[in-house]
Amino acid sequence: MVTVIKAKHMGVNATKTLLAGTILSAGFAAVPVAAQVATPPAAAAPEAMTVAPPTQRVIRSLRVEGAQRLEPDTILSYTQLRVGASYTNETVDQAIKDLIASDLLADVEIAGVETGDIVIRVRENPIINRVIFEGNKRLKDDKITKEVKLAPRQIFTRTAVRADVARIIELYRRQGRFAANVEPKMVMLDQNRVDVIFEIREGPKSKVRQINIIGNEVFSDGKLRGEMATKQARITSMLSSNTSYDQDRLAYDQQKLRQFYLTEGYADFRVISAIAELTPDKKDFIITYVVEEGPRYKFGPVTVDSAIRDFDDKKMAESLPIREGQFYNAKAVEDSVEALSETAGLFGYAFADVRPEFQRDRENLTMTINFHIAETNRTYIERIDITGNTQTVDKVIRREMRVAEGDAFNTFLVKRSQDRINSLGYFQDKFEIERKEGSAPDRIILSANVEEKATGELTLSAGFSSLERFILQASIRQRNFRGKGQTLSASVDYSSYSKSVELGFTEPYLFDRNIALGATVFRRDYNSFNYIGTDRNTTYSQVSTGIQLVTGVPLTEYWTLSARYTLMQDEVTLDKASFYSDLNSDGVISDSECDPLKAGRYYCDAIGTRITSLVGVSLIYDSLNSRLRPTRGQRLVFGADFAGLGGDVRYARARIDAKKFWHVGSGFIASLSAEGGYIHSFEKSSGGGLDPVRITDRFYLGEPQFRGFDIRGVGPRVQRIGFTGDAVTGNQLLVTDRDQIVDDALGGRGYYLAKAELEIPLGAGAAEMGLRPSIFVQAGALFGIRRPDKTIDFVQRTDGSGNLLFNADGSPSLLPKDNFIKDASGNQLFIVSASDAVNSGQLTTCQVGYTATSGGACSGTSVNAIYNIPTQPFLERFVGDSARPRLAIGVGVNWNSPFGPLRIDVSKALLTQPGDDPKLFTFNVGTQF
């Protein structure tokens, strides 16, 4: 008789569904472990049987069959069966349970139980060939693979599959997808291998449909919802990532509610319960808060009790931002603790212990507070540790520290050191200097644990700008060259209207002294332009080649003196095909020269090559917390330049530029900026109403500095307005389409520009995309040049009585201007009449007859007409030279897009002056702003 005890762990079907997918309970069905005793048929049992006690048997032999990868000894180690040991059926049954629990085997049989010759027949769990994820779109394979434990070449177990299903579902929960469903399947392969497939149905993101608040009487539901981080799913919150349900955010919102009530004086406020219910369709959550507001308290007496002898308790209490009689505000109490700690730090007490002691009067609803400052020792800096700088040398960081080892601790100087290191832009954002206890109670260790970030920039980009059309840019820049804080840069820019090449190098600490020295070599080609219709026409071209040297010396912690020298050659030209004529100003045919009728006398005067030798100085105040993206502090620059130490140009120019940034709460950042300048020439005007300051040296205002106006759209300009109709008959009307008006911006000697801007915070998702929207208002003006003389004076028509005539639109009725043409020798030219069949239409100097040579003998009798090319009348007006402010208001957004920085603005000009050119929408891609 042979007894076989058997347990089966897994079927052998080629393809088998492992478990049904559910949200949380997905997993294999429980595996029953049963001992089955197989016995041959026996005779019928007698009417009465005696139950025999379990027989003790001895294992005579023990072997393992069916093992492929596992050693028999390894399998036996999981059981208590040993040769020579006694056993029972219960012992064998326990051995099967132990082997199944090992997760190594799929099937176990034990034979030879009656004879003692034990044979353990096993079938091993398969080896995983591949782990496959199907249906996952929101989470990529690599993110899921990091979380699951199953992997190729591991042993397949149902327990591991159940655990991985739970892990995948938890990943989707973190994304707010509570309807996610995971169904694992397996495909059996040869050689006892298996492919594990996780079929994923991600489902929609579970949003917060409604936030209910029960028990609030003082503040409305809307007010309290506004204080929470979680937002209800509405159209207005489409860009917010806080509309999805998050258990951690639920706890955070309870804290936010408590903070809000505590700042409003409700010291007894509490959240009784917070329940999040998933809707039956598993798409949305409904959150319900039950709160108890309690009474509102006021501050009672506020005192300071200091054990530090350097402090005057009464004066310190008077300096606090809270007063008796004000409504209780927990935030004001925290600010007072921080202010007292900062004050103690200024005196060198780094570890001052400030503890507020509260006495609550529930009858009078007052909160008496005493700030106790425990006795402590004055603290000195034991050492400054700098770690994490793998590229930047220590001295680059240490030279930004405003304190040194051995100095008395000072919170202000430590904070200033932190801001200066942040402003370098070499390390991670929000870097902070940590404070640690030193080797003695009066010693402190400052730890600057930095995290390097990339400081090299290689840019190859193409973009489109409303200013410059298509743009190609290539630049390389290293802001921390060799880890010594030096800046090395090279750039090439190319567009339809400007080209430039620059090479630059800056040493911020020359010879390890706090003296900056930089040099830039450049060539810039710039084309000024105007519009005729939709065509953009180049007016003048300016090619500047030169070198600039800059140095800077700090005067104090915040004040710096900077000096510069620039040597530059400017070559200004006009397009000969558009602005040159073969006739001189006297109507004589000559070599091609600039035609004032086509270009304007102001452009013709600018033609030529000039050398500029310029020295300048700037006085700078800078307390910004970051030079890259400031959110706090201010910057003020006074600049003066003088051109005339050699060269061909002589002028003095002064500029001022001021900016201020500050937080206004809830992530909003406000900024104010103002700038202005004036230039004065030491040269004499060349006449003709021309300003002594050359057109290339003047200030210009418009896009992109002044949003709401086109490029050079503000300030003095000359407009030439043509007429429609017949100039001979006098049936004229002024052109009204601005696109058909020649508009030449002339710049100005003086300008000012002010801006107020508020940067609006967005949700975490939009912030990760680099979106920074803002609203702004700007005001400015450009003014102060000499009125240019008219290019040409047209005669106004008169009636028979000598009265001036006007067109139907009120404009003067002008006659064409005769322009009698002469040859190069100054002889008047005539057109041979049709009566001379041979020379008809030819030019000659004969009023009667014809000659082929200038001033030669005339032959023939034809009476010739004088050669006249009349100039058609146009109205020329000088506009825009006004210091009255222009005003624009608008919204804009910065986006650090994959294609480069992008700036979009929609701005409406509210106040303008005649001649200004407003522009509603502007955008730039691929340029810095």
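Remember, it's a predicted structure, so these values are computed and weren't measured experimentally.
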Result block: side-chain N/O donor-acceptor pairs under 3.5 angstrom for residues 484-491, not counting sequence neighbours:
residue	atom	partner	partner atom	Å
Q486	OE1	R482	NH2	3.3
Q486	NE2	E507	OE1	2.5

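- Atom CZ of F682 is separated from atom OH of Y651 by 11.5 Å, given to the nearest 0.5 angstrom.
- By the side-chain contact (heavy atoms from CB on, under 4.5 Å) test, Q634 is found to be paired with Y621, S623, K660, residues two or more places apart in sequence or in another chain being considered.
- For K908, there are no salt bridge (Lys or Arg N to Asp or Glu O under 4.0 Å) partners two or more places apart in sequence or in a different chain.
- With sequence neighbours excluded, the residues satisfying side-chain hydrogen bond (donor to acceptor under 3.5 Å, both in side chains) with E452 are T392.
- Distance check, rounded to the nearest 0.5 Å: CD1 of I785 to CG of D881 gives 6.0 Å.
- For D622, the side-chain hydrogen bond (donor to acceptor under 3.5 Å, both in side chains) test picks out R635, with sequence neighbours left out.
- In this pair, F481 and F505 present their aromatic rings perpendicular. The plane angle is above 60°, beyond the 30 to 60° band.
- With sequence neighbours excluded, the residues forming a salt bridge (Lys or Arg N to Asp or Glu O under 4.0 Å) with E683 are R694, listed by chain and number.
- Not counting sequence neighbours, D793 has no partner by the salt bridge (Lys or Arg N to Asp or Glu O under 4.0 Å) test.
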Just list the side-chain donor-acceptor pairs under 3.5 Å for residues 545-554, sequence neighbours left out, or say none.
residue	atom	partner	partner atom	Å
T545	OG1	R523	NH1	3.3
Q548	NE2	T566	OG1	3.1
T551	OG1	A516	O	2.8

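- K453 is linked by a salt bridge (Lys or Arg N to Asp or Glu O under 4.0 Å) to D429, counting only residues two or more places apart in sequence or in another chain.
- N422 is linked by a side-chain hydrogen bond (donor to acceptor under 3.5 Å, both in side chains) to nothing, counting only residues two or more places apart in sequence or in another chain.
- Take T696 and apply the side-chain hydrogen bond (donor to acceptor under 3.5 Å, both in side chains) test, not counting sequence neighbours, and it matches no residue.
- Smallest separation of non-hydrogen atoms from S907 and F776: OG-CE1, 3.7 Å.
- The side-chain contact (heavy atoms from CB on, under 4.5 Å) check on S854 picks up D823, S825, N827, T845, with sequence neighbours excluded.
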